[in-house]
Amino acid sequence: MTSRIDTLKFYEYCRIPVDELENHPDSKITFKLKQTALEVDRCAANMMADEVIENNKTDRITRWVLPVGFHDQVHLFVDRVNRERISLKNVFIITMDDYLDWNCRPYPEGHQFNTSARFERVFYDKIDPELTVPANQRFRPLYNNLDLVDNLVDSWGGLDTVYGGLGFRGLVAFCEAPYSPWFTITEDEYCQMKTRIYPLNDDTTIAYAVRNLGGLTHMRPPLAISIGMKSMLKTKRLVLTSTTGEWKRAAVRALMFLDPTVEYPATLFPNKVDEVILVCDRNTAEAPIQSDNLNSW
């Protein structure tokens, strides 16, 4: 794949001090800086709760895409729902992805890589039954019905908010950058991507293995199923969080400043979605390049 990134310009964006990122005149998105990862999760959880409260005032339906592994953000949101008695009866949720084994099948329920089942336990099951999302309003991508999610989003006329994380190379859900040198995917083609099964890129496998398994890549799933860009781009708002430190620093700058490119898929959102928000902790938002001399490294 031939790069379409202006590398020297990207280097300059990667040198912008962290305290100059909020309200930067060149930024294509809304950037919110928090000091710690917990503050980032609390901010995102409050955005979720506030959105439901506002929609409930006029009996409006709330339609979300959510990730299956957003940890403290989940717990903080659930806690607020239960404490403040926030009804989720008008909320429709699509979880964005899940892992598959090498036969393109889901892992058994109870397996650590069956993230859809885990999401049921840590999210839906923790909410007071009087408040929780009805079972027939919970959806996820299915390996044996790949058109389900895209047809659903079309029937809804779009989404209210996509909540997610920002990957090392700018992935959202498992919409990864195409690395093959043998074919070309244009930005327009990528934006039409439907729900599909992905062989996970090496950088994703390494990132999760280092973070959770001491680098034991052999234990990581080889495949994933994920909602595609086509459906996620039919949202009014995208809210991304990033809290994993220096691994994501370049991706933060790519989303904020680069023109659309499949090399960093998140950059495809700002031109097509009305509101794109990135909430980031200070460590992750630090400048990737802090030397005054680019040649010094």
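We number each residue from 1, following the sequence as shown.
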**Q.** Residue N23 excluded, over 12 heavy atoms near CG under 6.0 Å
**A.** no
Q.
Taking side chain to side chain donor-acceptor pair (under 3.5 Å) as the cut-off, I'd like each qualifying pair that reaches into residues 243-258, sequence neighbours left out, listed once.
A. T244-K248, R249-N283
With a 4.5 Å heavy-atom cut-off, do [X] and [Y] have their side chains touching?
X    : Y    : result
D259 : K28  : yes
K32  : C280 : no
L159 : V162 : yes
L238 : T161 : no
L152 : W156 : yes
D79  : R83  : yes
H24  : F31  : no
N114 : Y99  : no

Q. Going through the checks in order, is the side chain to side chain contact (heavy atoms under 4.5 Å, CB included) test met by I86 and I53?
A. CA-CA 7 Å; I86 302 170; I53 290 170; 3.8 Å; yes
(Q) How close do Y143 and C104 get, counting heavy atoms only, and between which atoms? (A) CD1-O, 3.5 Å
Q) Got a sec, which residues hit salt bridge (Lys or Arg N to Asp or Glu O under 4.0 Å) with D19, two or more places apart in sequence or on another chain? A) R282
If I take atom [atom1] from residue [X] and atom [atom2] from residue [Y], how far apart are they, to the nearest 0.5 angstrom?
X    : Y    : atom1 : atom2 : value
S226 : M232 : OG    : CE    : 5.5 Å
L148 : T195 : CG    : OG1   : 8.0 Å
L166 : S242 : CG    : OG    : 5.0 Å
T95  : I227 : OG1   : CD1   : 9.0 Å
M48  : L76  : CE    : CG    : 10.5 Å
L142 : D147 : CG    : CG    : 11.0 Å

Shared ILVMFWY cluster between [X] and [Y], side chains joined below 4.5 angstrom?
X    : Y    : answer
L240 : I94  : yes
L233 : M96  : yes
L258 : M256 : no
V65  : I61  : yes
Y107 : F174 : yes

Under 3.5 Å, side-chain donor or acceptor atoms of residues 266-279 against the rest of the protein: list the pairs with distances, not counting sequence neighbours.
from: T267; atom 1: OG1; to: T261; atom 2: N; distance (Å): 2.9
from: T267; atom 1: OG1; to: T261; atom 2: O; distance (Å): 3.1
from: T267; atom 1: OG1; to: Y264; atom 2: O; distance (Å): 2.6

Backbone N/O of [Y] and side chain of [X]: donor-acceptor pair under 3.5 Å:
X    : Y    : answer
N56  : S87  : yes
Q290 : R15  : no
N103 : R105 : no

Q: Show your working on side chain to side chain contact (heavy atoms under 4.5 Å, CB included) between M193 and K230 and close with a plain yes or no.
A: CA-CA 5 Å; M193 183 204 315; K230 180 180 179 181; 5.7 Å; no
Q | Pairing residues for T36 by the side-chain contact (heavy atoms from CB on, under 4.5 Å) criterion, not counting sequence neighbours | A | L38, E39
For [X], enumerate each residue passing the ring-ring contact (aromatic ring centres under 6.0 Å, His included) test, keeping only those at least two apart in sequence or located in another chain.
X    : value
Y198 : none
H75  : none
Y13  : F257
F77  : W64, F123

Q: Any chance you could lay out the side chain to side chain contact (heavy atoms under 4.5 Å, CB included) test for L255 and I29, step after step, and finish with the verdict?
A: CA-CA 8 Å; L255 173 60; I29 66 167; 3.9 Å; yes
Q | Verdict with supporting geometry, E22 and S27, side chain to side chain contact (heavy atoms under 4.5 Å, CB included) | A | CA-CA 9 Å; E22 283 191 302; S27 179; over 6 Å; no
Listing, residues 125-139 side-chain donor-acceptor contacts under 3.5 Å, not counting sequence neighbours, or none:
from: D128; atom 1: OD1; to: E130; atom 2: N; distance (Å): 2.8
from: D128; atom 1: OD2; to: R85; atom 2: NH1; distance (Å): 3.0
from: D128; atom 1: OD2; to: R85; atom 2: NH2; distance (Å): 3.3
from: E130; atom 1: OE1; to: R85; atom 2: NH2; distance (Å): 3.4
from: T132; atom 1: OG1; to: Y124; atom 2: O; distance (Å): 3.4
from: Q137; atom 1: NE2; to: K89; atom 2: O; distance (Å): 3.1
from: Q137; atom 1: NE2; to: V91; atom 2: O; distance (Å): 2.8
from: R138; atom 1: NE; to: V133; atom 2: O; distance (Å): 2.9
from: R138; atom 1: NH1; to: E120; atom 2: OE1; distance (Å): 3.1
from: R138; atom 1: NH2; to: V133; atom 2: O; distance (Å): 2.7

Qualifying salt bridge (charged side-chain N to carboxylate O under 4.0 Å, His left out) pairs with a residue from [range], counting only residues at least two apart or across chains:
range            : answer
residues 185-196 : R4-E187
residues 148-160 : R60-D160, D154-K234, D160-K236
residues 45-59   : D50-R80, E51-R237, E54-K57

